[in-house]
Amino acid sequence: MGKLLSWMQRKREALATGYFSRQHQHLWFSTVRFIFWRIETTGQIAMSDVGVTVKKNEDFSEWYTQVILKSGLADYAPVKGCMILREDAIAMWEKIQAIVNRKIQATGHRNVYFPMFIPEGFLKKEAEHFEGFTPEVAWVTQGGNTPLEEKLAVRPTSETIMYATFAKWIRSWRDLPLKINQWCNIVRWETKATKLFLRTREFLWQEGHTAHATKEEAEAEVKYALQEYQDIMENYLAIPVVVGVKSDSEKFAGADYTTALEAMMPDGKALQMGTSHNLGQHFAHVFDIKYIGEDEKEHKVWQTSWGITTRTIGALIMIHGDDKGLVLPPKIAPTQVVVVPIPYKGAEPAEIAAKAKEIADKLREAGLSVILDDRQEYTPGWKFNQWELKGIPVRIEIGPRDLKQQQVTIARRDIKQKSFIKENEAVAAVEKLLEEIQNDLYAKAKANLEQLTAAVKTYNEFKQVMAGKGGFAKAAWCGNADCEAKIKEETGATIRVIPFKKEEPQTGCIYCGQKAKDVAYFARSY
RNA sequence: GGGGCUGUCGGCUAGUUUGGUCUAGGCUUGUAGACUUGGGCUCUAUAGACCCCGGUUCAAAUCCGGGCAGCCCCA
């Protein structure tokens, strides 16, 4: 009772001292809120929360998350760092799968599936490999109610479990080359800084694994995989990449050397788009993968492994997306064309609907993926926004005006431009437009990459780049890992790649000034 | 690896500073209907939330501790 009284006392004091000022505050905030509400409800651009509410160049990180969630590509899962890939994301991944499968199957690789559980002993066999992966391995220690005698790793990559089996499969030179690939999920237990698509504890990938009789063959395979990846990134995803070799400190744990593709994101951070490793004979030694050659002698095999992941979809979103949402390259878009009928009352709605269907069918016959959005319950404006959010490359509108003039209205997503095409030329025009969009997206991304690439001559210049907008800094490097480590410590930038296209260093090492070995691409990275 | 911030209907949020008229308000979305349809139209009705566990207290969305999740910054 005493406390109640003291509360009433305090409340009375509060009322006496602060009440009116709070009322004023409240009034003021209400007014401001009302003004924003007017802007939102009357403005051309701003609208409800259905769309993306931040601008790409104002809050990139928030923009990225919103685009993914609101376009319906993915969602968060209940477990930290795990994501749900939704219909459109899987559809895109399936497109990538189809392209990769077509390419590698044409060159004699075949798909397999190995188990996701790897005995600890396997993982431990190659010391460097184990050391590299062990900090982020998830372990199964119990089955049902019974503790396991040997704990099982949930695969962080499949070299060890595959190569234990390779040792059984490979006996003779006739068994070589062995070229397999698998599509699967991978678990790497990231502790923090997880991000949709880019860094998740579980992700999907493709891992190719090959074994060869000679070093030269393995080298050719490493190069082959990387070239195909480059083709996919540039000619399908419309993402320009820099290709080359990783420095020793960045190479795959257990490899002789790693080659990689690196792309540049709009926020100035690099993203690794794929890797192709030359494993040399390290695994062949520890797993005892040997064959009897034509020379009747015993030899160890030479191996490669290479992979790309669902991460590439994250790059796609970041590079091509805009303030209205996703922008998808036509070759990867799950749906390439959406047809929206615009039915006015009293303006032959049945005819418009029929015409829309006719156009959609014709486009489908031409091999395009088409959605006919004839939902009655949404207005055309609402549909336009929705399909733009989802990044569908081309939209066709068919309304009374079009009907009368025997034309269709074609709108392209990337530059939001409308044009009017005679109805009987529609299919050809759309096909041409899709190609144009594909090329324009690449050209634009290429221009951005060039703009975010700077050749630097001094360490000061280097630091300025990294402290500013970021991007690639092309700089001379002596080859010493200490310099690399210092640079990372001081600027956050690492060597992303030492390009295949060698450039003569114009200066000494950017850090120590000693004679430079290479020109390397440095950047902060995801 | 270190530091900081946040968690309220499906989404955005008000309320938390100062525990109590909060039986948690608004907008949006969802559902039903009407009206519309060339850029997220309008109206009516209706549904829907305090992250989890514990503590303090007569009383917790509000304070404290822990957990889980998300975000940001630095290395």
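Letters A, B, ... are given to chains in the order of the sequence lines, protein chains preceding strands, and every chain is numbered from 1.
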> Which nucleotide wins on minimum distance to the side chain of T379(A), given the candidates rA75(B), rG38(B), rG39(B)?
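Within the option list, the nearest is rG38(B).
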
> Could you check which of rG39(B), rA75(B), rU37(B) has an atom nearest any side-chain atom of P380(A)?
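In terms of side-chain proximity for P380(A), the closest of rG39(B), rA75(B), rU37(B) is rU37(B).
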
> Nearest-Å distance, CG (L69(A)) to C1' (rU29(B))?
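Taking atom C1' of rU29(B) as the reference, CG of L69(A) is at 16 Å.
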
> Scan R395(A) against the nucleic acid and name what it touches under 4.0 Å (heavy atoms): base, sugar-phosphate only, or nothing.
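Base contact.
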
> Would you call the rings of F522(A) and F462(A) parallel, tilted or perpendicular, where under 30° means parallel and over 60° means perpendicular?
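Rings of F522(A) and F462(A): perpendicular, as their planes differ by over 60°.
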
> Report the relative orientation of the aromatic rings in H129(A) and F133(A); use parallel for angles under 30°, tilted for 30 to 60°, perpendicular for over 60°.
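Rings of H129(A) and F133(A): tilted, as their planes differ by 30° to 60°.
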
> In Watson-Crick or G-U wobble terms, both distances under 3.5 Å, what is the partner of rC63(B)?
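Because both required distances fall under 3.5 Å, rC63(B) counts as paired with rG55(B).
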
> Compare side-chain N and O positions of T191(A) against OP1 and OP2 of rG1(B) and report whether any pair is under 4.0 Å apart.
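Answer is yes, contact under 4.0 Å.
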
> Is it true that, when you exclude E131(A) itself, more than 12 heavy atoms of the residues, nucleotides or ligands shown sit nearer than 6.0 Å to its CD?
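For E131(A), atom CD is not crowded (no more than 12 foreign heavy atoms under 6.0 Å).
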
> Picking from rG39(B), rA69(B), rG38(B), which would you name as closest to the side chain of P400(A)?
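Minimum distance to the P400(A) side chain belongs to rG38(B).
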
> Could you tell me which nucleotide pairs with rA14(B) by Watson-Crick or G-U wobble geometry, both distances under 3.5 Å, or answer none if nothing does?
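Its partner: none found.
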
> What distance, rounded to whole Å, do you find between the two C1' atoms, one in rG11(B) and one in rG20(B)?
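Result for the C1' pair: 31 Å, nearest Å.
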
> Report the base-pairing partner of rU23(B) (Watson-Crick or G-U wobble, both distances below 3.5 angstrom), or none.
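Partner of rU23(B): none found under 3.5 Å.
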
> Nearest to the side chain of P343(A), heavy atoms from C-beta on, is which of rG39(B), rC71(B), rU37(B)?
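Nearest nucleotide to the side chain: rU37(B).
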
> Between D402(A) (CG) and rG38(B) (C1'), how many Å, whole number?
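Going from D402(A) (CG) to rG38(B) (C1'), I get 8 Å.
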
> Between atom CD in E377(A) and atom P in rG33(B), what is the gap in whole Å?
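Taking atom P of rG33(B) as the reference, CD of E377(A) is at 11 Å.
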
> How many whole angstroms separate atom CD of Q66(A) from atom P of rC71(B)?
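Going from Q66(A) (CD) to rC71(B) (P), I get 13 Å.
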
> If you measure from the C1' atom in rC9(B) to the same atom in rA47(B), how many Å do you get, rounded?
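Taking atom C1' in both rC9(B) and rA47(B), they lie 10 Å apart.
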
> Could you tell me the separation between the CZ atom of R412(A) and the P atom of rG39(B), rounded to a whole number of Å?
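For the pair R412(A) CZ and rG39(B) P, the rounded distance is 21 Å.
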
> With rounding to whole Å, what would you report as the distance between rU8(B) and rA49(B) at their C1' atoms?
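Roughly 6 Å separates the two C1' atoms.
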
> Taking atom P in both rG1(B) and rC64(B), what distance in whole Å separates the two?
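Straight-line distance between the two P atoms is 28 Å.
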
> In this structure, is the centre-to-centre distance between the rings of Y378(A) and F384(A) below 6.0 Å?
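No, the ring of F384(A) stays outside the 6.0 Å limit from the ring of Y378(A), centre to centre.
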
> Can you label the angle between the Y511(A) ring and the Y459(A) ring as parallel, tilted or perpendicular, going by 30° and 60°?
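Aromatic pair Y511(A)/Y459(A) classed perpendicular.
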
> Regarding E388(A), tell me which of base, sugar-phosphate or nothing describes its non-hydrogen contacts under 4.0 Å with the strands shown.
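Counting heavy atoms under 4.0 Å across all strands, the contact made by E388(A) includes a base.
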
> Only pairs with both distances under 3.5 Å count, Watson-Crick or wobble alike; so what is the partner of rA49(B) in this structure?
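Answer to the pairing question: none, since rA49(B) forms no Watson-Crick or G-U pair.
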
> Given the P atoms of rU57(B) and rU13(B), what is the spacing between them in whole Å?
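The answer is 35 Å between these two P atoms.
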
> Using a 4.0 Å heavy-atom cut-off across all strands, classify K418(A) as base, sugar-phosphate, or nothing.
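Since a base atom lies under 4.0 Å of K418(A), the category is base.
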
> Record whether the side chain of T409(A) comes under 3.5 Å of the base of rG38(B) through a donor-acceptor pair of N or O atoms.
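Checked by distance alone, the answer is yes.
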
> How about P330(A) and L368(A): do any of their side-chain heavy atoms sit closer than 4.5 Å?
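Not touching, per the 4.5 Å side-chain cut-off.
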
> When the distance from CG of D373(A) to C1' of rG39(B) is rounded to whole Å, what number comes out?
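To the nearest whole Å, that distance equals 14 Å.
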
> How about NZ on K80(A), more than 12 heavy atoms from neighbouring residues, nucleotides or ligands closer than 6.0 Å, or not?
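Counting neighbours around NZ of K80(A), more than 12 heavy atoms of other residues, nucleotides or ligands fall under 6.0 Å, so yes.
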
> Is there a side-chain polar atom (N or O) of Y378(A) under 4.0 Å from OP1 or OP2 of rG39(B)?
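Looking at the OP1 and OP2 atoms of rG39(B), neither is under 4.0 Å from any side-chain N or O of Y378(A).
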
> Nearest to the T194(A) side chain among rG38(B), rG70(B), rC41(B), which nucleotide is it?
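Nearest listed nucleotide: rG70(B).
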
> Using heavy-atom distances to pick each residue's nearest nucleotide on RNA chain B, tell me which of E62(A) and R401(A) is more 5'.
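Its nearest nucleotide lies further toward 5', so the answer is R401(A).
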
> In whole angstrom, what separates L196(A)'s CG from rG70(B)'s P?
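Atom CG in L196(A) sits about 9 Å away from atom P in rG70(B).
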
> So which one's nearest nucleotide on RNA chain B is more toward 5', K195(A) or E397(A)?
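Going by which nucleotide is closer to the 5' end, it is E397(A).
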
> Rounded to whole angstroms, how far apart are OH on Y76(A) and P on rA69(B)?
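One finds 13 Å between P of rA69(B) and OH of Y76(A), rounded.
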
